[in-house]
Protein chains: 2
Amino acid sequence: MSGGGASSSRGPYRKTAETRTAILEAALEIFAVSGFHSGSLRDVARRVGMSNAGVLHHFADKETLLAAVLDRRDEADVEEVRRLTSDEASALHALVHLARVNESKLEIVRLYAVLSTEATGLDHPAHGHFVDRYARTREFMREAFAALERRGRLKPGVTVESAAIGTIALMDGLQTQWLLDPGAVDMSAELARYLSGVTDVEFRAAI
Amino acid sequence: MSGGGASSSRGPYRKTAETRTAILEAALEIFAVSGFHSGSLRDVARRVGMSNAGVLHHFADKETLLAAVLDRRDEADVEEVRRLTSDEASALHALVHLARVNESKLEIVRLYAVLSTEATGLDHPAHGHFVDRYARTREFMREAFAALERRGRLKPGVTVESAAIGTIALMDGLQTQWLLDPGAVDMSAELARYLSGVTDVEFRAAI
DNA sequence: GTCTATATGGCGATAGAC
DNA sequence: GTCTATCGCCATATAGAC
């Protein structure tokens, strides 16, 4: 839409693009703290210094705003993982790195933790988004572990499917404990430990 | 309070106790689907066939109702695990069994999944409840794995602390994927697989 | 592009009748 | 013990001025 063209850096629409971005950043923080239902457009508007009607000039309604926030974050995440990944084995190293980075982004961690459970309800506006997202993430993990299996680097008794599901589950669950009590768990260290346990590769949390 | 005495099965307070129970069960379902902030007292009241004022006759306010729901569920869970546990090793078998049983209790799984993430916010009324609950659960798991370690039945490289944290994280994360797409994961099978991977004990999902 | 004003409706909680 | 009625507040969304 408005993201790619030259029109966004100059000309009459420059300010609009900037305002949209500011709204998206504010909405991310609000939805991360309060979830979709409880986070209000007025909270978002106040954070960017305008009225709720002003926000609704840029996004048709609240659901459209949520979808835009999620799409924007997913795009950034996919790009980051792709940037760090050269082959299928390094995808898992990239994952550990991402977990480490996330330890300094509490709001974004909370956004996904809160919304992904809130969206388990069939009638939640982001239900489809998260069902698709998890299906894609499982497929991504299957490919990474399948590459290791072909080289005989999965521990005996470990299957591609259970390693894929287990890795995602562990990351999600670690986030809950970490959000409730940041001092209680070291997310990236625990993830590295798990990956080292199911493969013959050594993973480390530190860079 | 009103739970223990003979007064609850007969006499003038019998009906009150029944009504309280009905309200607690309705509230569980509402909070499970919508969380605390979005789940309304009117929804709870409609489900038990009375007005919201009627509900507030039995529970001082909405927060008191939430606390009662959580205390009631925790009590039932602790009792169930204790019933199934004879020594520290069997505690882990009981956990697998509990995961299997939970696969037929979607509402209760959702209650904890939704509320535990919603409650990561410092100002959430159930924040303290969940911080305490996770601390206690981690301690319970530490004791179970420590007993196995004393008998030399932990796999090399596995520590008591990481096994405790990892087991809880895996259970929580599996629930998210399962709630979003029940056909995509077998919670108890994956838990059994994980436990078999970190110990020298064989765990099975089936009874 | 942003505002104020407003329509419409849900919320938690209280007061008081029965 | 439960109801109806009500208060005060906040929500989303729209209409129309500037």
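Proteins get letters first, then strands, A, B, ... in listed order; numbering begins at 1 in each. Computed from a predicted structure; not experimentally measured.
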> Is there a donor-acceptor contact under 3.5 Å from the side chain of His127(A) to the main chain of Ala119(A)?
Replying inline: yes
Could you state the atom-to-atom distance from [atom1] of [X] to [atom2] of [N] in whole Å?
X        : N       : atom1 : atom2 : answer
Arg46(A) : dC3(C)  : CZ    : P     : 13 Å
His37(A) : dG10(C) : NE2   : P     : 15 Å
Ile30(B) : dG12(C) : CD1   : P     : 11 Å
Leu41(A) : dT2(C)  : CG    : P     : 15 Å
Asn52(A) : dC3(C)  : CG    : P     : 9 Å
Met50(A) : dT2(C)  : CE    : P     : 4 Å

Hydrogens and angles aside, do [X] and [Y] bring a side-chain donor and acceptor to less than 3.5 Å of each other?
X         : Y         : value
Glu118(B) : His37(B)  : no
Gln177(A) : Arg138(B) : yes
Asp77(A)  : Tyr112(A) : no
Thr117(B) : Thr117(A) : yes

>> Please determine whether any donor N or O and acceptor N or O are separated by less than 3.5 Å between the side chain of Arg42(B) and the base of dG12(C).
In response: yes
> So does Thr19(A) get a side-chain nitrogen or oxygen closer than 4.0 Å to the phosphate oxygens (OP1/OP2) of dG1(C)?
Replying inline: no
> Can Glu75(A) and Arg72(A) be counted as an ion pair, charged N to O under 4.0 angstrom?
Replying inline: no
> Which residues within residues 56-66 of chain A lie with some heavy atom under 4.0 Å of an atom in DNA chain C?
Replying inline: His57(A), His58(A)
> Which listed nucleotide (dG1(D), dT4(C), dT2(D)) is nearest to the side chain of Ala53(A)?
Replying inline: dT4(C)
> Which of these nucleotides, dG12(C), dT2(D), dA11(D), is closest to any side-chain atom of Ser40(B)?
Replying inline: dG12(C)
> Could you go step by step and tell me if Leu41(B) and Asp61(B) meet the side-chain contact (heavy atoms from CB on, under 4.5 Å) rule?
Replying inline: CA-CA 9 Å; Leu41(B) 289 176; Asp61(B) 55 27; over 6 Å; no
>> By the 4.0 Å heavy-atom rule, please label Ser51(B) as base, sugar-phosphate, or nothing.
In response: base
